[in-house]
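Following: one structure in structure tokens, then a few remarks.
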Amino acid sequence: MSTKITSIEFYVLQAGQEKRPHWVSLFKVPNANELLVRMRTSDGIEGFGLATSYSDISPISNVIKSGIADEIIGMDPLAPEQIYQKVFGLTSTRTATEKGWGREALIRISSAIDLACWDIVGKAARLPLYRLFGGHRNKVPCYVTCAYYRDGKDNEELRDEILMLVDQGHHGFKGKVGGLSLAEDIARMEIVRDVIGADKDLMIDVNRAWDLKTAIEGARQLEDLQPVWLEEPVRWTDDRRELKLLAQRTSIPLSGGESETTSYGCRAMLEEQAIQILQFDCTMFGGFTEGRKLAALCELNHVDVAPHHDCFIHAPLVASTPAGRIVESFTDPERDPLQAELFENPPHISDGWLTLNEDPGIGLKLSEIAVKKFGNLIERISSSS
């Protein structure tokens, strides 16, 4: 008897509103706003997947409530490519138009479903995915994202924040810029460099706030701080062209990719030969099915893989390939309560490294307490219903 998907549950995971929200240059970052998919098979295996949203999650919920699960119930979860192509393919169908299924919502849902399928594949094979994907190594470097803007936050609070993170044992720190004047942001990054010292890595993230002239000048002034990379330094309107122009004017490696909505957009960034680090996000598009293709493409093009967001989800992919460079963490529970609480067995992070679990699949066990605390069940469907 072939394996089939027999039931699917969809949850929205959200935390309460922060009193002092975390801002990047142009937008507020939610501390938790994710879709959780729990999928069970006829063999009794359960897999899960996540999708991240930085905007209103109700369009995703609406797609789920109007029958998306019917498209895949009964399919073979051990064929994730087949399932991904079916769900992603809905973005170009009359069905999606008639049902009001938006493209971005479908892409997010396809990502979570794909991750759940791969979790099941690993569990069926009794192998952790990092080994199934290639097994290049069993631990990966890990950095912490910090220096967000917050109401009333001054440079003394910034210094205290970085001191706290240094005490946690981090070796890599990514600071946010683009929300203040160039002079103010340079001063903030000088504080970060001063606190962490010359022996630790500093990455700088603009979140697409600068025009090209500002990016050229900002990169020039930042060079003395020896950043490992400059992330999404130019505005979205002509970013691929402007990244290429900026790359010709700075020695700082450039990175990007988290704002692309498909793997094809990331491929186009590689074709411009402007970035040295690709930062796609498997929880925002493509899942592991597309993430593996991009990782292989990066390896062949001498570009490093440093995925955006969710170190626990991305670690198996980064560990599987020689192109895998580093993962991004958020070790302040106020900033990311899901990293702190969602899993009973989070991989160990210490001294700048994340060591992967040897459990099969993604290697993570959901905390039922956390699912109950943050989750709202929006749909449950089974083949017997």
Write out all pairs satisfying ring-ring contact (aromatic ring centres under 6.0 Å, His included) with one or both partners inside residues 88-108, taking only residues at least two apart or from two chains.
-> Tyr84-Phe88
Contacts satisfying ring-ring contact (aromatic ring centres under 6.0 Å, His included) that involve residues 203-232 (not counting sequence neighbours) are Tyr143-Trp229
Flag yes if Val228 and Val140 sit in one hydrophobic cluster, no otherwise; membership is Ile, Leu, Val, Met, Phe, Trp, Tyr, and two members link when side-chain heavy atoms are under 4.5 Å apart.
-> no
Would you say Phe330 and Val166 are hydrophobically clustered, going by side-chain heavy atoms of ILVMFWY under 4.5 Å?
-> no
Sequence neighbours left out, what passes salt bridge (Lys or Arg N to Asp or Glu O under 4.0 Å) with Arg249? Give chain and number order.
->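 For Arg249, no residue satisfies salt bridge (Lys or Arg N to Asp or Glu O under 4.0 Å) once neighbours in sequence are set aside.
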Test side-chain hydrogen bond (donor to acceptor under 3.5 Å, both in side chains) on Glu223 and Thr250 and set out the steps.
-> CA-CA 8 Å; Glu223 284 189 355; Thr250 182; 3.3 Å; yes
Can Asp76 and Ser2 be counted as having a side-chain donor-acceptor contact under 3.5 angstrom?
-> no
Are side-chain N/O atoms of Thr331 and His170 paired as donor and acceptor at under 3.5 Å?
->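 Result is yes, a qualifying pair exists.
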Verdict with reasoning, His308 to Thr52, per side-chain hydrogen bond (donor to acceptor under 3.5 Å, both in side chains) = CA-CA 11 Å; His308 166 258; Thr52 302; over 6 Å; no
Could you walk me through whether Glu258 and Arg208 pass the salt bridge (charged side-chain N to carboxylate O under 4.0 Å, His left out) check?
-> CA-CA 11 Å; Glu258 71 177 71; Arg208 298 170 124 190; over 6 Å; no
For [Y], does its backbone N or O pair with a side-chain atom of [X] as donor and acceptor, under 3.5 Å?
X: Glu328; Y: His309; value: yes
X: Arg193; Y: Gly197; value: yes
X: Asn376; Y: Val12; value: no
X: Thr283; Y: Leu50; value: no
X: Thr262; Y: Gly265; value: yes

Candidates Tyr149, Tyr148, Tyr54, Phe27 - the one meeting ring pair (Phe, Tyr, Trp, His ring centres under 6.0 Å) with His22 =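 When Tyr149, Tyr148, Tyr54, Phe27 are each tested with His22, the ring pair (Phe, Tyr, Trp, His ring centres under 6.0 Å) holds only for Tyr148.
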Candidate pair Asp351 and His171, rule side-chain hydrogen bond (donor to acceptor under 3.5 Å, both in side chains), full reasoning = CA-CA 7 Å; Asp351 203 29; His171 285 212; 2.8 Å; yes
Do Glu161 and Arg150 sit within salt-bridge range, that is, some charged N less than 4.0 Å from a carboxylate O?
-> no
Criterion salt bridge (charged side-chain N to carboxylate O under 4.0 Å, His left out) on Arg20 and Glu157, from CA distance to verdict | CA-CA 13 Å; Arg20 297 176 66 209; Glu157 184 179 345; 3.1 Å; yes
Intermediate values then yes/no, side-chain contact (heavy atoms from CB on, under 4.5 Å), Asn345 and Leu364 | CA-CA 6 Å; Asn345 61 336; Leu364 299 169; 4.3 Å; yes
Between Phe48 and Phe343, is the gap from one ring center to the other below 6.0 Å?
->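 Yes, they do, as the ring centres are separated by less than 6.0 Å.
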